Amino acid sequence: MKRERLLTQLIRLRELDLKSQAAQLKTRAHQLKEVRERHDAARTAAARSLEDATSLADLAYFGQVRVHNAKLANKVEIEVRALGEKVGHARKLADSAREARDEIRRTRINEHERSMETEAEHFFSWKKDKRR
């Protein structure tokens with residue numbers, strides 16, 4: 001019973017960790033999306049600047065923005081992958097704690113049922129002996 005309670009507490013902690021990791025992943029994934037959108041916007045602006053001679057001076061700036069956002073996207077993408085792995089690991093830990101708790105519960109219930117069967121057998125054998 002005590003181990004079951006401890007495992008239930010462990011499950012709560014692991015689920016909180018899982019939620020935290022998932023929230024971090026969601027945040028970084030959103031940031032990655034924003035960086036990629038800025039990269040695409042800089043690409044579009046650079047293409048438009050080629051069409052207009054007055055904005056050719058901005059082409060170098062748009063190039064720098066694209067390079068910066070490409071590097072940033074690579075960095076954030078690595079972080080997103082790492083966070084994804086951490087979320088997967090946290091999920092596995094929470095699942096294994098749930099499975100351990102469920103196994104302890106099944107064992108406890110089986111032991112209780114065996115005990116009840118044994119008591120019933122003893123009772124019926126005692127009752128038979130009384131009748132003789």
Side-chain angles (χ1 to χ4, degrees):
M1 201 72 149
K2 186 175 182 178
R3 287 192 308 183
E4 194 174 328
R5 269 185 277 144
L6 289 174
L7 279 171
T8 300
Q9 290 174 350
L10 178 63
I11 290 167
R12 282 191 210 127
L13 290 174
R14 287 189 174 170
E15 285 175 347
L16 288 173
D17 183 48
L18 175 59
K19 285 179 183 179
S20 170
Q21 298 289 338
Q24 287 178 1
L25 174 60
K26 186 176 179 179
T27 300
R28 290 309 272 171
H30 182 71
Q31 290 172 345
L32 178 60
K33 179 184 171 204
E34 289 176 347
V35 168
R36 286 181 175 160
E37 287 173 355
R38 286 194 307 264
H39 182 262
D40 290 342
R43 180 185 308 134
T44 303
R48 273 194 237 125
S49 72
L50 290 174
E51 296 169 0
D52 184 14
T54 58
S55 57
L56 277 177
D58 297 333
L59 189 58
Y61 170 74
F62 293 135
Q64 289 174 351
V65 169
R66 283 184 60 203
V67 168
H68 172 73
N69 284 319
K71 287 179 182 178
L72 186 58
N74 286 336
K75 179 182 171 189
V76 174
E77 189 173 335
I78 290 168
E79 290 176 14
V80 166
R81 265 191 248 121
L83 284 170
E85 290 175 12
K86 287 175 86 175
V87 166
H89 182 70
R91 182 173 287 122
K92 286 180 184 179
L93 289 174
D95 289 345
S96 68
R98 275 189 222 98
E99 289 171 10
R101 182 197 57 199
D102 293 345
E103 181 64 30
I104 288 174
R105 281 183 179 167
R106 279 191 296 274
T107 302
R108 181 176 45 86
I109 289 169
N110 288 339
E111 287 173 359
H112 179 70
E113 287 175 356
R114 276 191 296 261
S115 171
M116 295 298 287
E117 287 174 7
T118 303
E119 282 184 36
E121 288 175 10
H122 287 303
F123 175 76
F124 289 123
S125 67
W126 172 78
K127 201 170 184 183
K128 270 186 187 176
D129 288 342
K130 281 284 208 181
R131 287 184 184 165
R132 289 184 190 178

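Throughout, residue positions are numbered sequentially from 1 according to the sequence presented. What you are looking at is a predicted structure, and each value in this text was computed from that prediction instead of being measured.
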J.: Decide if atom CZ of Arg48 counts as having more than 12 heavy atoms of other residues, nucleotides or ligands within a radius under 6.0 Å.
T.: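 Open.
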
J.: Of the non-hydrogen atoms in Leu83 and Gln24, which two are nearest, and what is the gap between them?
T.: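 Heavy atoms of Leu83 and Gln24 come nearest at CD2-OE1, 3.6 Å.
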
J.: Under 4.5 Å between side-chain heavy atoms, hopping through other hydrophobics if needed: is there a path connecting Leu93 to Ile104?
T.: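 Shared cluster, no.
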
J.: Out of curiosity, does Leu10 fall in the hydrophobic cluster containing Leu18 (side-chain heavy atoms, cut-off under 4.5 Å, transitive links)?
T.: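 Result: no, two separate clusters.
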
J.: Quick one: closest heavy-atom pair of Asp95 and Arg98, and the distance?
T.: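 Answer, listing the atom of Asp95 first, then Arg98: OD1-NH1, 2.5 Å.
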
J.: Once you round to the nearest 0.5 Å, how far does CG of Leu72 lie from CG of Leu32?
T.: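 Going from the CG atom of Leu72 to the CG atom of Leu32 covers 8.5 Å.
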
J.: Applying the side chain to side chain donor-acceptor pair (under 3.5 Å) criterion to His30, which one of Arg28, Lys26, Glu34 satisfies it?
T.: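 One option only clears the test, and that one is Glu34.
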
J.: Could you list all the side-chain hydrogen bond (donor to acceptor under 3.5 Å, both in side chains) pairs where at least one residue sits in residues 65-76, not counting sequence neighbours?
T.: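 The answer is none; no pair qualifies.
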
J.: Checking side-chain contact (heavy atoms from CB on, under 4.5 Å) for the pair Lys33/Arg36: CA distance, chi angles, key distance, verdict?
T.: CA-CA 5 Å; Lys33 179 184 171 204; Arg36 286 181 175 160; 5.9 Å; no

J.: Does Glu4 offer a backbone N or O that forms a donor-acceptor pair with the side chain of Thr8 under 3.5 Å?
T.: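 Indeed, once roles are kept as given, a pair shorter than 3.5 Å links the two residues.
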
J.: Please report the interatomic distance OG(Ser115) to CG(Asn110), rounded to the nearest 0.5 Å.
T.: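 Taking OG in Ser115 and CG in Asn110, the distance rounds to 12.5 Å.
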
J.: Between the side chain of Ser20 and the main-chain N/O of Leu16, is any donor-acceptor distance below 3.5 Å?
T.: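 Side chain of Ser20 to backbone of Leu16, a donor-acceptor pair under 3.5 Å: no, none is there.
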
J.: What verdict does the salt bridge (charged side-chain N to carboxylate O under 4.0 Å, His left out) test give for Glu103 and Arg106, after you've listed the backbone C-alpha separation in whole Å, the side-chain angles of each residue and the deciding distance to 0.1 Å?
T.: CA-CA 5 Å; Glu103 181 64 30; Arg106 279 191 296 274; 2.8 Å; yes

J.: Test Glu85 against His89 for side chain to side chain donor-acceptor pair (under 3.5 Å), laying out the working first.
T.: CA-CA 6 Å; Glu85 290 175 12; His89 182 70; over 6 Å; no

J.: For salt bridge (charged side-chain N to carboxylate O under 4.0 Å, His left out), just list the numbers for Lys19 and Glu15, CA-CA rounded to whole Å, side-chain angles, deciding distance to a tenth of an Å, and then say yes or no.
T.: CA-CA 6 Å; Lys19 285 179 183 179; Glu15 285 175 347; over 6 Å; no

J.: Give a yes or no on whether Arg108 atom CZ has more than 12 heavy-atom contacts from other residues, nucleotides or ligands under 6.0 Å away.
T.: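 Enclosed.
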
J.: To the closest 0.5 Å, what do you measure between CE (Met116) and CZ (Arg114)?
T.: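 CZ of Arg114 is found 14.0 Å from CE of Met116.
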
J.: Of all the heavy-atom pairs spanning Arg14 and Ala97, show the shortest one and how long it is.
T.: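 That closest heavy-atom pairing would be NH1-CB, 3.8 Å.
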
J.: For residues Val65 and Ala42, report the shortest heavy-atom separation together with the two atoms involved.
T.: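 Here Val65 and Ala42 meet closest at CG1-CB, 3.7 Å.
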
J.: Restricting to non-hydrogen atoms, name the atom on Ala100 and the atom on Leu7 that form the minimum distance, rounded to 0.1 Å.
T.: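 So the two residues come closest at C-CD1, 3.8 Å.
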
J.: Closest heavy-atom contact between Val80 and Ala29?
T.: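 In this case the closest contact between Val80 and Ala29 is CG2-N, 3.8 Å.
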
